[in-house]
Trainee: 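Submitted below is the structure of interest, expressed as structure tokens.
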Amino acid sequence: MMTLLLQKFGALFFLLIAIVLYSGCGGGSAEGGTEFGNPTRVVQGVVVEEGESFLKKQTTDSDCPADTVIATDSSAQTTIVAIDESDCFFDMELTADKGYVISFVLNDEFVATLIVQKNSSSLRSHVVFIAEAEIVMDLGDITIIDNEAFPENEPYTQNDQDDDGIDDFSDEDDEGDGVSDDEEEDCDLDGFLDYFDFDNSDCESDEDEGDEEDEFIVEVTPFNEEDFVSLDEAVSVLFSCEVDQESVTDESFIVEADDDLIECQFEFTDSDEVVTCGHDDQAFLPDTTYTATIDGVTCEDGTELEAASWQWTTDEED
Ligand SMILES: [Ca+2]
Ligand SMILES: [Ca+2]
Ligand SMILES: [Ca+2]
Ligand SMILES: [Ca+2]
């Protein structure tokens with residue numbers, strides 16, 4: 001049985017709990033999540049609305065688009081800091097050599113999740129890896145557009161996990177273990193790669209997995225268990241091989257909810273490694289859980305790709 005049916009409560013679910021817990025502590029900055037004795041690194045940035053710049057922010061007294069930052073690791077530990085309301089600046093100390101989902105909150109309500117680029121050809125990612133380093137990780141102006149937040153300075157350009165002088169954004173094997181980034185597995189497709197995911201409990205045991213020669217899904221968007229997904233968001237899959245376009249059909253790539261079946265318009269990148277289900281004429285239903293199932297897609301050379309299934313929940317209507 002190769003299908004991964006993933007039922008896990010993801011990091012964003014815990015984010016919601018964190019918001020509830022935080023709202024009960026009456027404001028102020030709660031420090032937590034850094035483990036004693038482990039190296040830490042400071043992460044800083046300024047939250048801005050679309051079209052604003054840091055300079056404008058300093059000369060106007062418009063309100064900040066968020067008042068709180070929450071960093072959630074793969075085991076749902078959170079670190080929460082307040083954003084300075086005078087200049088919309090924050091800094092937070094996080095345990096290094098871990099990945100985090102970083103989210104922004106205003107008046108106890110979710111505003112946006114930080115979206116980053118791991119390299120020039122990756123799908124968008126919501127997991128920020130923080131490598132150990134002496135220097136601060138400076139995200140610069142963080143522009144909030146709808147429920148996504150985009151950093152001015154990409155975090156992966158500020159990491160060099162294997163200290164070889166090539167930053168993680170440019171390095172094709174970040175931690176220098178001989179396995180290229182494109183082949184690193186994320187067995188539950190939640191954006192935290194296996195080697196820094198502290199909760200792989202929903203992944204199949206080694207015996208169930210195929211041999212190492214198998215081709216597989218490298219990453220997906222929306223991520224497994226993502227919340228607040230926009231109603232028009234396309235579903236993209238990065239495969240570990242060039243796919244046979246003819247094997248991608250409404251039977252081998254299904255996107256559905258209990259009461260809704262999405263009619264995908266499939267698009268392929270030039271390299272045929274990324275397949276996208278566009279649905280411009282048919283938005284997702286709001287506040288609904290969708291499941292994508294890939295089963296029967298093959299590589300150009302005929303190799304069968306591992307089947308997988310993952311899910312996400314859409315945003316409420318605007
Ligand atoms: Ca490197
Ligand atoms: Ca890399
Ligand atoms: Ca590697
Ligand atoms: Ca994972």
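Whatever order the structure lists ligands and atoms in, that order sets their numbers, starting from 1. Atoms considered below: every heavy atom in the structure, side chains included; atoms not considered: hydrogens, waters and symmetry mates.
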Trainee: Need the atom name: nearest N/O/S atom of E184 to the Ca ion (ligand 3).
Mentor: OE2

Trainee: Would you find a donor on one side and an acceptor on the other, under 3.5 Å apart, between the side chain of S240 and the backbone of E215?
Mentor: no

Trainee: With the Ca ion (ligand 4) as the point of reference, which N/O/S atom of D188 is the closest?
Mentor: OD1

Trainee: Can you check side-chain hydrogen bond (donor to acceptor under 3.5 Å, both in side chains) on D260 and Y290, steps first, answer last?
Mentor: CA-CA 9 Å; D260 195 26; Y290 281 83; 2.5 Å; yes

Trainee: May I have the angle between D197 OD2 and F192 O with its vertex at the Ca ion (ligand 4), rounded to 10°?
Mentor: 100°

Trainee: With a 6.0 Å cut-off (strictly less than), is the heavy-atom count around CD of E263, excluding the residue itself, greater than 12?
Mentor: no

Trainee: Under 4.5 Å between side-chain heavy atoms, hopping through other hydrophobics if needed: is there a path connecting V235 to V274?
Mentor: no

Trainee: Can you get from V248 to F216 by hopping between Ile, Leu, Val, Met, Phe, Trp and Tyr side chains that sit under 4.5 Å apart?
Mentor: no

Trainee: Output the distance between atom CG (N159) and atom NZ (K118), rounded to the nearest 0.5 Å.
Mentor: 12.0 Å

Trainee: At a threshold of 3.0 Å, where the distance has to be below it, does the Ca ion (ligand 3) have an N, O or S atom of D181 nearby?
Mentor: no

Trainee: What protein N/O/S atoms sit under 3.0 Å from the Ca ion (ligand 1), by chain and number?
Mentor: D160 OD1, D162 OD1, D164 OD1, I166 O, D171 OD2

Trainee: Under 4.5 Å between side-chain heavy atoms, hopping through other hydrophobics if needed: is there a path connecting W312 to L231?
Mentor: yes

Trainee: Identify, by name, the N, O or S atom of D186 lying closest to the Ca ion (ligand 4).
Mentor: OD1

Trainee: Does any N, O or S atom of D194, backbone or side chain, fall under 3.0 Å from the Ca ion (ligand 4)?
Mentor: no

Trainee: For the Ca ion (ligand 3), decide whether G178 has an N, O or S atom at a distance under 3.0 Å.
Mentor: no

Trainee: Short check: any N/O/S atom of L189 below 3.0 Å from the Ca ion (ligand 4)?
Mentor: no

Trainee: Determine whether L193 and V218 fall in the same hydrophobic cluster, where Ile, Leu, Val, Met, Phe, Trp and Tyr are linked whenever their side-chain heavy atoms lie under 4.5 Å apart.
Mentor: no

Trainee: Please name the atom of D190, limited to N, O or S, that comes nearest to the Ca ion (ligand 4).
Mentor: OD1

Trainee: Rounded to the nearest 10 degrees, what's the angle O of V179 makes with OD1 of D177 at the Ca ion (ligand 3)? Could you check?
Mentor: 90°

Trainee: For the residue pair M92 and T79, what are the closest heavy atoms and their distance?
Mentor: CE-O, 3.5 Å

Trainee: On a heavy-atom basis, which atom in S230 and which in N147 lie closest, and how many Å separate them?
Mentor: OG-OD1, 3.6 Å

Trainee: Going by distance alone, is a donor N or O of one side chain under 3.5 Å from an acceptor N or O of the other, for D272 and Q245?
Mentor: yes

Trainee: Need the atom name: nearest N/O/S atom of E175 to the Ca ion (ligand 3).
Mentor: OE1

